[in-house]
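Worksheet: the structure to be examined is printed underneath.
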Amino acid sequence: MSKLFYKSSRKAGLAPGSLIHIGEERTEKPKITIIDYDKDNYQERVVENVEECFPFKDYPTVSWINIDGIHQVDIVEKLGKHFGLHPLVMEDIVHTTQRPKMEDYDSYIYVVLKMLWFNDGDTDVKAEQVSIILGDNFVLSFQELEGDTFNFVRERIRNSKGRIRQMGADYLAYALIDSIIDNYFIIIERFGEIIEDLEEELVENPEPGTLQNIHNLKKEMIYLRKSVWPLREVISGLDRSESDLIKETTFVFLKDIYDHTIQVADAIETYRDILSGILDVYLSSVSNKMNEVMKTLTIIATIFIPLTFLAGMYGMNFSYMPELGWKWGYPTVWIINILIFISMYLYFRRKNWL
Amino acid sequence: MSKLFYKSSRKAGLAPGSLIHIGEERTEKPKITIIDYDKDNYQERVVENVEECFPFKDYPTVSWINIDGIHQVDIVEKLGKHFGLHPLVMEDIVHTTQRPKMEDYDSYIYVVLKMLWFNDGDTDVKAEQVSIILGDNFVLSFQELEGDTFNFVRERIRNSKGRIRQMGADYLAYALIDSIIDNYFIIIERFGEIIEDLEEELVENPEPGTLQNIHNLKKEMIYLRKSVWPLREVISGLDRSESDLIKETTFVFLKDIYDHTIQVADAIETYRDILSGILDVYLSSVSNKMNEVMKTLTIIATIFIPLTFLAGMYGMNFSYMPELGWKWGYPTVWIINILIFISMYLYFRRKNWL
Amino acid sequence: MSKLFYKSSRKAGLAPGSLIHIGEERTEKPKITIIDYDKDNYQERVVENVEECFPFKDYPTVSWINIDGIHQVDIVEKLGKHFGLHPLVMEDIVHTTQRPKMEDYDSYIYVVLKMLWFNDGDTDVKAEQVSIILGDNFVLSFQELEGDTFNFVRERIRNSKGRIRQMGADYLAYALIDSIIDNYFIIIERFGEIIEDLEEELVENPEPGTLQNIHNLKKEMIYLRKSVWPLREVISGLDRSESDLIKETTFVFLKDIYDHTIQVADAIETYRDILSGILDVYLSSVSNKMNEVMKTLTIIATIFIPLTFLAGMYGMNFSYMPELGWKWGYPTVWIINILIFISMYLYFRRKNWL
Amino acid sequence: MSKLFYKSSRKAGLAPGSLIHIGEERTEKPKITIIDYDKDNYQERVVENVEECFPFKDYPTVSWINIDGIHQVDIVEKLGKHFGLHPLVMEDIVHTTQRPKMEDYDSYIYVVLKMLWFNDGDTDVKAEQVSIILGDNFVLSFQELEGDTFNFVRERIRNSKGRIRQMGADYLAYALIDSIIDNYFIIIERFGEIIEDLEEELVENPEPGTLQNIHNLKKEMIYLRKSVWPLREVISGLDRSESDLIKETTFVFLKDIYDHTIQVADAIETYRDILSGILDVYLSSVSNKMNEVMKTLTIIATIFIPLTFLAGMYGMNFSYMPELGWKWGYPTVWIINILIFISMYLYFRRKNWL
Amino acid sequence: MSKLFYKSSRKAGLAPGSLIHIGEERTEKPKITIIDYDKDNYQERVVENVEECFPFKDYPTVSWINIDGIHQVDIVEKLGKHFGLHPLVMEDIVHTTQRPKMEDYDSYIYVVLKMLWFNDGDTDVKAEQVSIILGDNFVLSFQELEGDTFNFVRERIRNSKGRIRQMGADYLAYALIDSIIDNYFIIIERFGEIIEDLEEELVENPEPGTLQNIHNLKKEMIYLRKSVWPLREVISGLDRSESDLIKETTFVFLKDIYDHTIQVADAIETYRDILSGILDVYLSSVSNKMNEVMKTLTIIATIFIPLTFLAGMYGMNFSYMPELGWKWGYPTVWIINILIFISMYLYFRRKNWL
């Protein structure tokens, strides 16, 4: 659960707009990459100092400045100040507990969302906060870690093929968001497989640990939902936005990722429903097992208890017990026992317990 | 569950608008059929090359081009390009995990929905994605498989009787959607029968497998719901559309299929409610059975345990046990046993356990 | 459940607007009644041929044509054609699986709803579809069966007292709908009594069949809900309608039946909630009973098992068992037994099991 | 439950607007009280005949006519006719199963709500329907019974202190509604105490009757909810009303009772949630008790059953059983028994059952 | 629960606007603090008499009057009258059961919310009602107790650094609300830890008390929800407000706390979901434990009951029992016993009970 809520309390009492990094502690030096392109030209640079990014603000070409690592708040602060970001936006960028949201500040649009991935062999989704600033002809993107989700976008820009080089900064921002949402499908499919495995296991061999698994999956679904649900508003917010920053031609693409978001949200709801069903099946299979145990006990006990009683009777030491002297007394007891046994057996048979 | 989510992840990282078929792998050659008609004339052709369809774009008559099989994306691509479809529309046509939706692109309307059917003797709904493009005087329809749902429509066109030959492309699109939704009623009725059978089985002879059946039916309902629920928005989207492509006279028919959609959605909700009730009945009948088992055990054990104890007492070997020498000792024990038995019996009777 | 969904599938593949009767098969000849009235005059006729109704279309007086029996579709068709009904309306009239709805076709308003009743001594609601067409100065009503619900309305017209003779066709349509909704209250009250009985039974003597009853009542509630819920939209649709067919003075009456609809819908929701509560009580009382059974077993067994063990010990045949020779050995065993018995008794007492 | 639904069916088939009293049968003579006041003058009268109220209709002062007892419908009818009430309003006044509602008839506003109270020592809420008609300068109020809720309002008018004498009929209507809603808080608090007691009882000594209590409380909550929930719409209806009957200065007071209504509705929801939680705790404590019973049985049985078996073995009468002749045979059996006992004890200890 | 609802019933029957303190009884003298500042000047005073605050009403600088303690209603009344507060506002300030709300009275805005905190070592949230009045250039704040939440704000004002000294009264009101909401995050995190501990305990060692803990946490969540949920409307009410009292520049800050409110509300919903899951896990682990107990009993009993029966048979005292004379009779019984034991063991093994 700790991934659900970081220690935001560290901030209580500070003035709004105070830049404090809240999130996992990291020590790597943030990596700053600049990609600048238009239809014909293209350059890509990794810079050491954030100041080297400043001139790109006013280039007529599309400039994409990507920061991998937001734990050094001064980098965010310098960049933010130069690009005219509101202090609250800078605060949100470094505060990694944001809900996905979209805010329109006239001269730029701020979008924050969650990038999700699985560690190999793990059923536990990891999340990283990604902030995207869409300006007039620049895009700033902030990630917590260096990742490879954006590589596909970089590749498309480098190859100068496809639509991306012909279009503006708004399409670039769309492409970044799209690459993040595409990733969600991988998560969704992986969970689909995990749930399918769980269902098979349930039928074949339910065990106490299964419930813990169901509970953990439910928690993952709650977490996914928290990341994906607000996305719908983010994207439809962009779609309905009257900002000049988003051009007419980009809207149809926004509609497309809106559909994707709905699909992901839908899948999460479906999984939640299925998990509820699995829980019912599990609980009922536990009940059925108990039933079987009880039946076994009951059958054995109710057959042998009367027999044992009878044996006990003829084990008594009364001086005057005429049966004990009979020649056929002993075999008679055995015959009675066998009759009791058979009638009990038939009774249980009729009751459908055998 | 695998039918719920295909491997859309194959697409992650590709540029939007990339045409990749996502769905079940098939190898048949897609079949292209053209039906062209107006009030007086009618022709129907199966063509080999998609290029043969191109001239129909500008015919004043209504042209319906139906493609059975979308796994050869180049056919979709050529046709789409000629008819001026947006790349994202073409992408959605071949990507069979779409949610039902309707999109208005001024010069054409794109509708995607799910055709559902049962395989014989199976309780498992199969689904196929159907895309319909309504243009000015043409309709393009894309199916995954060659199916017979549209045959009724074809028949009506051929017979030149009925309303369909007098009306335009919008009515044809309506007729196709209507034939798909009519099919849903068959699914719904089949499930109605399955659920009725399940209820009877439950009363007569509940068994562990019943729960698995309930769970599977619930999953089918989730799946149906995913296919049908968004349909309501699709149809009401068409109904409220301000597009010139849909004529006044067609609206009343759209309203009619909207009603049908609501009926189907309603039925699914009803089934979900009934399945929840069935689950409760099942779980409780398991409890009741356990109760009966426990009662049997308790009755036998509590009657015989005291008797056995008594027999055990007189089986002891103490030298000085006066009762053992009594002449009526042994019959007395039997009488006591019978008294205990009768009083226990009466006790259980009063408790209503017998 | 069969009442929930008739075989609508018979219609799949037919052209929209095809007149096919879907509902219970009947053979009676439909009965056609005409009531024509204004403030001063009144006539009532039962006619043989539907054609006799035709002239009433243009009478300035209010004409009410009531058809009992819709299984002869040609009667509906002839009447419908003469009165200018849309083919889809005629289709819906004879297709008895409609959801309650209201449609405004400018020159007439089409309302379809469900008439509900109980057969005597039955807990099973029966339903019949009633279609009402409100035209300029006529009302057409279609029932599946000859019933007596509308008799009260007829009586009021005949008596020429009350508001009804002074007002137009819209008020007549309102009066018909009102008489149907008034009937719902009878259903609701009957269910109220059934549920109250069930609750008493539950407290006094819960048994396995109780659950089946709860489940059946829940299903009846689902069915009632399906019939009543959409009514709210129907009535508020009439209320908000801008049609000239409904006069100002009638709106306040529509508001009144809207309130009634809400009351019925409310009652159904309340019953659903109460039935859920009853289910909880039932399940818990089953648990409590099991608990009592287990306690009985445990008390008897845990008291006698140690005693039997002790008796068994002194039943052993070892040559050297000093206690066996003691004079007070046997009484001592009895005393020990009694002590064990008493201490066990006190233990269970303290545990609150007795 | 009978309080939830009276026999409204008595009305089925009557013309709308028929005045029939539906509610508890009463025989007392209704009491008619008139209070007439303005800033400076004040008179209060109890009258015998309803006709004595008629002149107050046109007084410029504020006239409040209160009727305690609505079972004599002719009083309501005469008053209603003189004051110009719509027949449906009169019908609703005497029909005590109304949902709280507010209706604006231009020349007057009709508000109907439920007055709730507890009988002493009872956990069962009683309800009474109160109808309030706000006219230009008069207020009519109808109660089922003579009650004391309105006394506080009367007192404030008599004392001529406070705001009430300076303001108009709308403020008087507000004050009446306010006094009814204030009463709800008393109900809410009483339930708060009952629920708190139930929770304590649950922890200390859960017993089968507890569930019945929870169920009854839940039903009371359903009933309260039915009375309070629609109130929100009533009050916000008044608040948004564009009627001239409500003056600007009164709106802030309406907003205040709207807040109160929300608080009451909130409390009811909270209680429902808490009762659900209590049910879970109760059911689980039943389970835990069963667990404890089973553990006791299991411990005793599994310890003594093997011991008894061993004793049984040496109670056999075989001629050749060497152990029987051993000198230490008997003590050895005791030692074995004690070892079995100890090891079982340790086993249960480790399993945490002791 | 008592914290959920104070005795508001004391007010029933009083005129609206009557000032009666409802809340915990206190005796401390209320503390009145005045902070007055603009960009350049700053003064802070603790005053004895409320009258000393009066002149600040018309100062052009920002004046913040904070009252710690509202149980002396005359202070609130005098201050309220001087600052022109509506009687209902004053009533709400001293009535500590308000739901968070925001009311716009043209010349001032009234905001009421709940300050929450934990006592050390306690899992029980305490709440205090805080009322804030935002006027033209003054802010009045009323707390139940002297607290330290506002100290951070005071500190920022004193230090004259940061935005607060440059901005107006609306920013001050925002800062106060922000400091209260920041506190919620501390509560939320603390609950996060408690729930995490509970989950671990559940896996390692579930015990009956756990359920009580879950129930209490659920009740805390209900309580938190009641405090936080309406906050969303409060803040968005401020945000959408058209009042001149809130300046353009402050809106972006309001949006920020709106986001925080959503985050807190989200967290509460998440906790509720997780607690439901924990409850399921707990209940199921109780079932599993019972299962294990039953299995142990069944295994021991079903193995030894047949053995004991056999021993009993050969303990009978019949004169003619040939086996008793056999030399190998006794060892044969042992061998049979061991065979029964082994086959039972294998049977349970196969059933997966061991």
Side-chain angles (χ1 to χ4, degrees), chain B residues 151-152 155-156 162-164 174-175 178-179 182-183 185-186 188-189 192 195-196 199 203 252-253 255-257 259 262-263 266-267 270 273-274 277-278 280-281 283-285 287-288 290-291 294-295 297-298 301-302 305-306 308-309 311-313 315-322 351-353, chain C residues 1-2 4-5 7-9 11-17 86 88 91-92 97-99 101 103 105 205 208 211-212 215 218-219 222-223 226 279 282-283 286-287 289-290 292-294 296-297 300-301 304-305 307-308 311-312 314-317 321 323-330 333-334 337:
Chain B
N151 281 349
F152 295 115
E155 212 50 57
R156 294 212 305 271
R163 207 175 286 107
I164 199 161
Y174 150 73
D178 185 49
S179 72
D182 268 4
N183 240 7
F185 283 99
I186 301 175
I188 283 299
E189 277 163 31
I195 289 174
E196 234 171 299
E199 275 193 299
V203 173
V252 65
F253 292 96
K255 212 168 163 58
D256 193 53
I257 52 176
D259 283 351
I262 299 278
Q263 281 177 38
D266 240 41
T270 302
D273 279 1
I274 291 177
I278 287 179
D280 286 337
V281 174
L283 291 176
S284 160
S285 81
S287 262
N288 276 321
M290 175 99 89
N291 233 336
M294 292 306 306
K295 267 189 210 163
L297 174 60
T298 301
T302 53
I305 285 177
T308 305
F309 159 69
M313 283 305 280
M316 293 193 297
N317 296 318
F318 284 99
S319 310
Y320 185 69
M321 288 177 68
K351 283 267 188 181
N352 238 331
W353 294 3
Chain C
M1 185 153 44
S2 49
L4 289 179
F5 304 103
K7 300 275 169 211
S8 327
S9 54
K11 273 209 49 183
L14 291 176
H86 194 281
L88 288 172
E91 187 187 352
D92 284 354
T97 65
Q98 299 311 310
R99 238 174 144 251
K101 65 178 173 179
E103 283 169 358
Y105 289 81
N205 186 21
L211 188 77
Q212 196 61 42
H215 181 57
K218 274 187 158 176
K219 269 168 53 190
I222 291 170
Y223 182 58
K226 266 174 76 93
L279 183 63
Y282 170 75
L283 291 176
V286 167
S287 262
K289 241 176 151 173
M290 175 99 89
E292 205 191 348
V293 170
M294 292 307 304
T296 306
L297 174 60
I300 296 286
F304 284 100
I305 284 178
L307 303 187
T308 305
Y314 291 105
M316 292 192 298
N317 296 319
M321 289 177 67
E323 297 95 324
L324 295 183
W326 295 352
K327 186 154 190 199
W328 296 106
Y330 176 58
V333 169
W334 269 117
N337 281 351

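Order of the sequence lines sets the chain letters (A, B, ...), proteins ahead of strands, with each chain counted from 1.
Proximity of B:Asp273 to C:Lys218: side-chain heavy atoms (C-beta onward) are nowhere separated by under 4.5 Å. By the 4.5 Å heavy-atom criterion applied to side chains, B:Asp266 and C:Lys226 are counted as neighbours. Put simply, the side chain of B:Met313 does not reach to within 4.5 Å of the side chain of C:Tyr314, judged on heavy atoms. Using a 4.5 Å cut-off on side-chain heavy atoms (C-beta onward), B:Phe309 and C:Asn337 make contact. Residues B:Lys295 and C:Met290 have side chains not in contact (no heavy-atom distance under 4.5 Å, counting atoms from C-beta outward). With contacts defined as side-chain heavy-atom distances shorter than 4.5 Å, the pair C:Tyr105/B:Val252 qualifies.
In this structure, the portion of C:Leu283 lying under 4.5 Å from any heavy atom of chain B is its side chain and not its backbone. Looking at C:Met316, the atoms closer than 4.5 Å to chain B (heavy atoms on both sides) all sit in the backbone: N, CA, C or O. With a 4.5 Å cut-off on non-hydrogen atoms, B:Asn291 touches chain C through its backbone and its side chain both. Contact of B:Ile278 with chain C is made through backbone and side chain together, with heavy-atom distances under 4.5 Å. When heavy atoms are compared at a cutoff of 4.5 Å, B:Asp280 approaches chain C by way of both its backbone and its side chain.
Nearest approach of C:Tyr282 to B:Asn288, heavy atoms of both residues: OH-ND2, 3.2 Å. Heavy atoms only, all atoms of each residue included: C:Gly325 and B:Ser319 are closest at CA-OG, 3.6 Å. When all heavy atoms of B:Ile305 and C:Phe304 are compared, the pair lying nearest together is CG2-CB, 3.2 Å. Closest approach of B:Met321 to C:Tyr330, counting heavy atoms only: CE-CE1, 3.2 Å.
Your options are C:Leu279, C:Asn317, C:Val286, C:Thr296, and the one with the most heavy-atom pairs under 4.5 Å with chain B is C:Thr296. By number of non-hydrogen pairs under 4.5 angstrom with chain C, the leading residue of B:Asp178, B:Asn151, B:Val281 is B:Val281. Annotation: maximal heavy-atom pairing with chain C below 4.5 Å, among B:Ala175, B:Ser284, B:Ser285, occurs at B:Ser284. Each of B:Ile262, B:Ile257, B:Asn352 has some count of heavy-atom pairs under 4.5 Å with chain C, and the biggest count is that of B:Ile262. For the set B:Ala301, B:Gly277, B:Pro306, the count of heavy-atom pairs under 4.5 angstrom toward chain C peaks at B:Pro306.
Separation of atoms NE2 (C:His86) and CG (B:Asp256) is listed at 9.0 Å; rounding is to 0.5 Å.
In terms of modelled atom types and a separation under 3.5 Å, the side chain of B:Thr302 and the main chain of C:Leu297 share no donor-acceptor contact.
By the salt bridge (Lys or Arg N to Asp or Glu O under 4.0 Å) test, B:Lys255 is found to be paired with no residue, residues two or more places apart in sequence or in another chain being considered. The salt bridge (Lys or Arg N to Asp or Glu O under 4.0 Å) test applied to C:Lys101 returns B:Asp259, C:Asp92, C:Glu103, not counting sequence neighbours.
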